Amino acid sequence: MDIIEIENVTKKFKDNIALDNVSLRIRKGEVLGLLGPNGAGKTTLIRILIGLIKPTSGTAFVTYNGNKYDVKKDIMEIRKKASLLPQEAEVYENLTAKENILYYGRIFGTPNGEAKRRTEELIDMIGLRGRENDLTKEFSGGMKRKVLVARALVMDPDLIFLDEPTTGIDILGARTVRNLIKKLSKEMHKTIILTTHDLSEVSELCDRVGILVKGKLVALGTPDELEEKFQKAGFEDVFIGLATGEGVLEGDISTPKVKTNLISRILKKR
Ligand SMILES: Nc1ncnc2c1ncn2[C@@H]1O[C@H](COP(=O)(O)OP(=O)(O)OP(=O)(O)O)[C@@H](O)[C@H]1O
Ligand SMILES: [Mg+2]
């Protein structure tokens, strides 16, 4: 079942086309990775899906329990079960880690008792136990990022957008966050859309990956499927090929016909 249906979404900032006719369906319970070079449109797509900005044209719907909500009109309904870790989020520096997480839950309507219980749980899960009562202005960048990850999860969302969740976090911390994402997905059946520049993170976490280049969705599938489709030996080569324009095909690349076209093109070049 699809939880998100994106149809022909275009977003222009004046003359700059940040998203160019993007269509994509996201399945309930999957971890979908959005990959792409800087400025490809990843954050813009996420911001549209959670109602921070509106598409210039096209539509996107989120479905909860059989009810379909329009990102242009029904954003309050969508936000009841959706949460975002923004790429550029900041903690409230004059609050402790615990207060940051707890108050965020309260702002988004989580009942007090539940918010407290989840805050304690998240402090353990994210590895901040022992520092939870310290002011976050005393925290390192990565520690602040961990607080922000926990903050995004305190309301117990079904749909979670994580815009570069592990950027700036050290190797151990990144592992903690990745394990948390796995747990949310595999044990708690959450739908997770994440962006990252870390290709190993994609293969470790993502059921499918969508690659955006200059606002266009140029590929969608599992890393293995994309390797096969683009005749590359590894997923990194697929990404580099697409990001640099080599191997990007005109038209609908998700059809099997394209693969045949690609092979015939390669053969012609020989
Ligand atoms: N608020 C804005 N006003 C004007 N232009 C914007 C705005 N937000 C994004 N853009 C433009 O839209 C394009 C896509 O930006 P976006 O932030 O979605 O990229 P991204 O894929 O998330 O990149 P990164 O990997 O660097 O985070 C860029 O050209 C950017 O300059
Ligand atoms: Mg971004």
Side-chain angles (χ1 to χ4, degrees), residues 4 6-24 26 31-60 62 71-72 75 78-79 82-91 141-142 144-149 151-152 157 159-169 174 177-178 181 191-206 208-221 223 226 235-248 253:
I4 298 180
I6 302 165
E7 283 164 19
N8 307 110
V9 163
T10 291
K11 177 68 185 178
K12 290 183 187 161
F13 294 104
K14 295 187 183 145
D15 291 338
N16 184 4
I17 302 180
L19 289 174
D20 190 356
N21 208 23
V22 170
S23 297
L24 168 65
I26 299 169
V31 181
L32 179 90
L34 287 176
L35 276 187
N38 293 137
K42 305 177 296 293
T43 297
T44 302
L45 184 59
I46 286 180
R47 287 167 63 85
I48 287 174
L49 295 176
I50 201 150
L52 293 172
I53 51 174
K54 290 208 173 2
T56 309
S57 60
T59 56
V62 176
V71 298
K72 287 190 203 163
I75 213 62
I78 292 172
R79 291 269 187 96
S83 186
L84 164 70
L85 166 67
Q87 186 172 2
E88 309 289 351
E90 283 177 19
V91 291
K144 287 179 185 166
R145 195 83 188 138
K146 287 186 187 177
V147 172
L148 293 168
V149 172
R151 199 179 81 169
L159 177 58
I160 305 167
F161 297 97
L162 301 171
D163 201 351
E164 301 196 18
T166 54
T167 298
I169 299 186
V177 171
R178 283 203 279 267
I181 293 171
T191 307
I192 300 168
I193 291 105
L194 67 88
T195 73
T196 180
H197 292 290
D198 181 340
L199 296 181
S200 63
E201 194 160 288
V202 171
S203 46
E204 186 180 339
L205 294 177
C206 299
R208 289 191 305 156
V209 50
I211 301 181
L212 280 167
V213 177
K214 294 182 185 158
K216 284 188 163 66
L217 185 70
V218 297
L220 177 68
L226 298 182
F235 183 64
E236 185 168 344
D237 286 349
V238 173
F239 179 77
I240 290 170
L242 289 165
T244 54
E246 171 219 333
V248 182
I253 56 156

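Order of listing sets the numbers, starting from 1, for every ligand and every atom in it. None of these values were measured; they are calculated from a predicted model.
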Against heavy atoms of [X], which atoms of ligand 1 measure under 4.0 Å?
X      : result
His197 : 25 (O)
Gln87  : 27 (O)
Gly41  : 14 (C), 18 (O), 19 (O), 20 (P), 21 (O)
Thr44  : 9 (C), 14 (C), 15 (O), 16 (P), 18 (O)
Ala40  : 19 (O), 20 (P), 21 (O)
Glu164 : 25 (O), 27 (O)

Among all protein non-hydrogen atoms, which one is nearest to [atom], and what is the separation to 0.1 Å?
atom                    : value
atom 12 (O) of ligand 1 : Ala18 CB, 3.3 Å
atom 25 (O) of ligand 1 : Lys42 NZ, 2.7 Å
atom 22 (O) of ligand 1 : Thr43 OG1, 2.8 Å
atom 1 (N) of ligand 1  : Phe13 CE2, 3.8 Å
atom 26 (O) of ligand 1 : Asn38 ND2, 2.9 Å

Can you tell which part of Asn16 has a heavy atom less than 4.0 Å from ligand 1: side chain, backbone, both or neither? side chain

For ligand 1 and Gly36, I'd like to know whether there is a polar contact (N/O to N/O, distance under 3.5 Å).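 Among all N and O atoms of Gly36, none is under 3.5 Å from an N or O of ligand 1.
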
Could an N or O of ligand 1 be found under 3.5 Å from any N or O of Gly39, whether backbone or side chain? yes

For a distance under 2.8 Å, tell me if Thr44 has an N/O/S atom near the Mg ion (ligand 2).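 Within the cut-off used here (under 2.8 Å), Thr44 places no N, O or S atom near the Mg ion (ligand 2).
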
Can you tell me if Asn38 has an N, O or S atom under 2.8 Å away from the Mg ion (ligand 2)?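 Short answer: no, not a single N, O or S atom is under the cut-off.
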
For the atom pair CD1 (Ile4) and OG1 (Thr191), what is the distance rounded to the nearest 0.5 Å? 7.5 Å

If you apply the rule side-chain hydrogen bond (donor to acceptor under 3.5 Å, both in side chains), what do you find for Thr195 with Asp163, and how did you get there? CA-CA 5 Å; Thr195 73; Asp163 201 351; 2.6 Å; yes

Between Asp20 and Lys214, is a side-chain contact (heavy atoms from CB on, under 4.5 Å) present by the stated rule, with each step listed? CA-CA 8 Å; Asp20 190 356; Lys214 294 182 185 158; over 6 Å; no

Angle subtended at the Mg ion (ligand 2) by OG1 of Thr43 and OE1 of Gln87, to 10 degrees?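 The angle at the Mg ion (ligand 2) comes to 80°, rounded to the nearest 10°.
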
Within a strict 4.5 Å, meaning less than it, do heavy atoms of the Leu242 and Leu226 side chains meet? no

Lys12, NZ atom: more than 12 neighbouring heavy atoms under 6.0 Å: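 Not buried by this count: 12 neighbours or fewer within 6.0 Å.
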
